[in-house]
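Below is one structure; the comments refer to it alone.
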Number of protein chains: 2
Amino acid sequence: MMNDPIIPKATAKRLPIYYRYLKFLLDAGKTRVSSTELSDAVKFDAATIRRDFSYFGALGKRGYGYDVASLLDFFSKILNQDTLTNVALVGLGNLGQALLNFNFHKNSNMRVSAVFDIDSELINTIQAGVPVYDIADLVNQIHDQRIEIAILTVPQANAQEITDKLVQAGIKGILNFTPLRVTVPSNVRVQNVDLTNELQTLIYFIENYADNEIK
Amino acid sequence: MMNDPIIPKATAKRLPIYYRYLKFLLDAGKTRVSSTELSDAVKFDAATIRRDFSYFGALGKRGYGYDVASLLDFFSKILNQDTLTNVALVGLGNLGQALLNFNFHKNSNMRVSAVFDIDSELINTIQAGVPVYDIADLVNQIHDQRIEIAILTVPQANAQEITDKLVQAGIKGILNFTPLRVTVPSNVRVQNVDLTNELQTLIYFIENYADNEIK
DNA sequence: GTAAAATTTAACTATTAGACAAAAATTCGA
DNA sequence: TCGAATTTTTGTCTAATAGTTAAATTTTAC
């Protein structure tokens with residue numbers, strides 16, 4: 001895609017949050033919204049929100065605010081909401097199961113379309129409507145199904161080895177739930193979600209900082 | 001606690017990651033480590049690592065590197081690893097179950113010590129070794145057990161209402177897995193873990209950026 | 001004595017926050 | 001009903017803050 005404006009990464013991370021809230025507003029029958037009102041809901045500074053929006057050109061009217069429908073329409077295009085992205089889930093343990101049932105594609109453009117595991121009890125079954133494959137077939141399946149995104153919820157000990165296979169299969173992005181910081185070539189993106197880390201950081205902040213500033 | 005040096009938040013977020021890797025190194029029998037080596041493992045720039053460490057005063061030796069044991073000892077104190085932090089889990093759905101089984105206290109100083117749900121089948125049972133309480137008793141139990149951290153995995157529709165109760169019970173930090181950006185007083189900290197958002201951001205980055213730069 | 005590696009300082013980049021003019025919408029008086 | 005005054009709210013500019021990376025310096029190990 002490689003779009004026109006290079007927007008800051010910090011802004012990019014806020015886009016899905018804007019999108020989701022705008023959808024909520026539309027469902028609630030609201031036709032317009034101000035940056036202040038948005039700010040209350042999504043907890044970013046109103047000036048930051050206007051700044052973010054202005055990267056995409058003027059989308060609001062002074063004295064009026066933003067038109068919910070057209071703003072939503074705009075974000076919908078930016079976030080490619082019209083195309084469904086298939087995602088592979090690798091590792092069907094506790095967390096994998098939960099993510100599978102969590103069902104991303106409700107209200108979003110993503111869906112887990114293939115699961116991989118080593119458990120022979122699970123292999124070749126359908127779980128939550130999704131086929132489970134032998135992890136030994138990972139490279140072939142991912143390649144054949146043209147899947148570009150994977151969710152990694154395997155034991156830490158196997159994380160790097162399986163990551164290597166994912167890379168080999170041509171994956172472009174990994175949502176990594178293992179605590180291991182896996183090594184990948186620079187054309188592959190890793191987003192780490194480290195639950196123990198999140199909790200420990202939270203505790204650290206509570207014990208060491210007075211005011212409320214986690215960004 | 002309110003410790004001496006006000007370190008940047010970005011640094012604070014890296015501390016648990018350093019800690020975990022240092023523990024791994026110690027277990028592996030390594031006695032010393034350089035910033036470059038650490039950098040390979042945790043994927044932060046070596047200069048950033050040295051900078052981080054230097055906030056706490058000189059911990060390494062020039063020409064030698066850092067002594068694993070003493071560095072670990074130091075981080076262990078900073079992160080309060082000697083005291084066990086009790087955490088409440090609110091909402092025992094798919095994700096809640098997974099987090100409960102995930103068992104934070106293996107290799108860490110945190111443990112889920114109370115679970116809350118509305119399901120009468122679950123209330124007053126023990127799940128994964130942890131008692132499940134009626135969510136109606138949330139305020140009392142959390143207050144009585146002096147729990148200061150909660151993990152929130154309830155349906156979005158109830159998130160604010162339950163957050164209010166948590167605040168009322170005196171909670172200090174919330175790890176929020178719901179997509180709602182909850183409103184809390186400024187003395188309460190919220191750390192949002194938004195899985196749909198993480199995936200969407202990942203997809204956006206892959207489609208719109210060439211190089212590998214998510215921080 | 002040489003090389004390795006931390007520390008320190010500085011430069012640079014990114015991000016956020018604040019302030020305010022301009023534009024649109026709304027209100028209110030006649 | 002019309003239009004001037006007031007309010008709302010954006011968009012943009014500037015300043016401040018935070019964070020990262022690089023370069024120079026110093027210390028220590030071998």
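Keep in mind that the numbers below use all heavy atoms, side chains included, and drop hydrogens, waters and symmetry copies. Chain naming here is simple, since letters A, B, ... match the order of the sequence lines and numbering starts at 1 in each.
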What is the distance, to the nearest angstrom, from the [atom1] atom on [X] to the [atom2] atom on [N]?
| X | N | atom1 | atom2 | answer |
| --- | --- | --- | --- | --- |
| A:Arg51 | D:dT10 | CZ | P | 16 Å |
| A:Ile49 | D:dG11 | CD1 | P | 12 Å |
| A:Phe56 | D:dG11 | CZ | C1' | 15 Å |
| B:Arg14 | D:dG19 | CZ | P | 8 Å |
| A:Arg50 | D:dT9 | CZ | P | 10 Å |
| A:Arg62 | C:dA21 | CZ | C1' | 8 Å |
| A:Lys61 | D:dT12 | NZ | C1' | 20 Å |
| B:Asp67 | C:dA4 | CG | P | 21 Å |

Check your understanding: Taking the nucleotide of DNA chain D with the closest heavy atom to each, which residue, A:Gly63 or A:Ala47, is nearer the 5' end?
Key -> A:Gly63
Applying a 4.0 Å non-hydrogen cut-off, can you work out what [X] is touching in the nucleic acid: base, sugar-phosphate, or nothing?
| X | answer |
| --- | --- |
| A:Ser35 | sugar-phosphate |
| B:Ser54 | nothing |
| A:Thr11 | nothing |
| A:Tyr66 | sugar-phosphate |

**Study point:** A:Glu37 bridged to A:Lys30 by N-O distance under 4.0 Å
**Key:** yes
Exercise for review: Run the salt-bridge test on B:Asp27 and B:Lys23 with the 4.0 Å N-O cut-off and return the result as yes or no.
Suggested key: no
Point to revise | Per B:Ala10 side chain, nearest of listed nucleotides D:dT10, C:dT16, D:dG19 | key: D:dG19
Review point. Side chain of B:Ser34: nearest nucleotide among C:dG18, D:dT10, C:dA6?
Key: C:dA6
Practice item. May I ask you to check whether A:Phe53 and A:Phe75 place their ring centres under 6.0 Å from each other? Key: yes
Review point. Can a side chain N or O of A:Thr36 be found less than 4.0 Å away from OP1 or OP2 on D:dT8?
Key: no
Check your understanding: Does a nitrogen or oxygen in the side chain of B:Thr48 sit under 4.0 Å from OP1 or OP2 of D:dT21?
Key -> yes
Review point. Any idea which heavy atoms bring A:Ala128 and A:Asn101 closest together, and the distance?
Key: CB-OD1, 3.8 Å
**Study point:** B:Gln145 to B:Ala114 - nearest heavy-atom pair and separation
**Key:** OE1-CB, 4.0 Å
Point to revise | A:Asp52 vs A:Tyr64, nearer the 5' end of DNA chain C by closest nucleotide | key: A:Asp52
